[in-house]
Amino acid sequence: MSVDPMTYEAQFFGFTPQTCMLRIYIAFQDYLFEVMQAVEQVILKKLDGIPDCAISPVQIRKCTEKFLCFMKGRFDNLFGKMEQLFLQLILRIPPNVLLPEDKSQETHPCSEEEFQLLQKEIEQLQEKYKTELCTKQALLAELEEQKIVQAKLKQTLSLFDELENVGRDHGTSDFRESLLFLVQNSRKLQNIRDNVEKEGKRLKIS
């Protein structure tokens, strides 16, 4: 088999020419083996019809294998020449031929130095894209946090509205007065709770 990768031909065919030749070789080998098996079966049947035949099936098998090796050797020799012919003249794209997807190289030729610059520019653009992608992810995460803060702020404002309504129900229209009213009531409730706890402890001791 040829060691030339023939990548341009693989781009056109969708497979490497070496792979094609290998499949042809395997197909010929399989066909040759099947033919020899069929020939062997025919010979054995013919021998069964001959009375007192001195030739045994083992001898037939040895002769078949010997002939198969001979045919395989000849086939390998011929296939080597056929492979060389196919790879050089049939499955090879001439060096002056461009594939349709590479036609732009005729009108816009690119030197090795220009190609390296383009590769570098592509790498830089890829890095910028990754950076922008990370930035986008960070902004989305920050936006989610802002949504959570906004929801909490709405809850706080709603609580203040409720407090103001409570104050109005008790005759205080100003929010500060309402808050002071709630603080005073909270302290009164705390004092009542402390007195209840003290009284409970006293009763337990007595």
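Computed over heavy atoms, backbone and side chain alike; hydrogens, waters and symmetry mates excluded. Bear in mind that the values here come from a model prediction, so they are computed numbers and not experimental data.
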Which atom of Leu91 lies closest to which atom of Phe13, heavy atoms considered: O-CE1, 3.5 Å

Minimum side-chain heavy-atom gap Gln59-Lys62 below 4.5 Å: no

Within one Ile-Leu-Val-Met-Phe-Trp-Tyr cluster: Phe12 and Phe15, side-chain cutoff 4.5 Å: yes

Leu117 side chain reached by Glu121 side chain, heavy atoms, under 4.5 Å: no

Where Met21 and Leu87 come nearest, the two heavy atoms and their spacing: CG-CD2, 4.0 Å

From NZ (Lys81) to CD (Glu83), nearest 0.5 Å: 13.5 Å

Value rounded to 0.5 Å, distance of CD in Glu65 from CG in Leu68: 8.0 Å

Side-chain touch Phe86/Pro17, heavy atoms, less than 4.5 angstrom: no

From CG (Leu153) to CD (Gln146), nearest 0.5 Å: 12.0 Å

Phe67 atom CZ, neighbour heavy-atom count above 12 within 6.0 Å: no

Glu9 vs Ile93 side-chain heavy atoms within contact, under 4.5 Å: yes

Pairwise distance NZ(Lys128) to CD(Glu132) - rounded to 0.5 angstrom: 8.5 Å

Other cluster members, Leu118 - Ile/Leu/Val/Met/Phe/Trp/Tyr, side-chain contacts below 4.5 Å: none

Side chain proximity check, Ile24 to Met82, heavy atoms < 4.5 angstrom: yes

Minimum side-chain heavy-atom gap Thr135-Leu139 below 4.5 Å: yes

Heavy atoms from other residues, nucleotides or ligands near CD of Glu113 exceed 12 (cutoff 6.0 Å): no

Linked, directly or transitively: Leu133 and Leu125 (ILVMFWY side chains, under 4.5 Å): no

Please tabulate, one pair per line, all N/O donor-acceptor pairs under 3.5 Å involving side-chain atoms of residues 26-43, not counting sequence neighbours.
from, atom 1, to, atom 2, distance (Å)
Gln29, NE2, Tyr25, OH, 2.7
Glu40, OE1, Arg61, NE, 3.3
Glu40, OE1, Arg61, NH2, 3.0
Glu40, OE2, Arg61, NE, 2.5

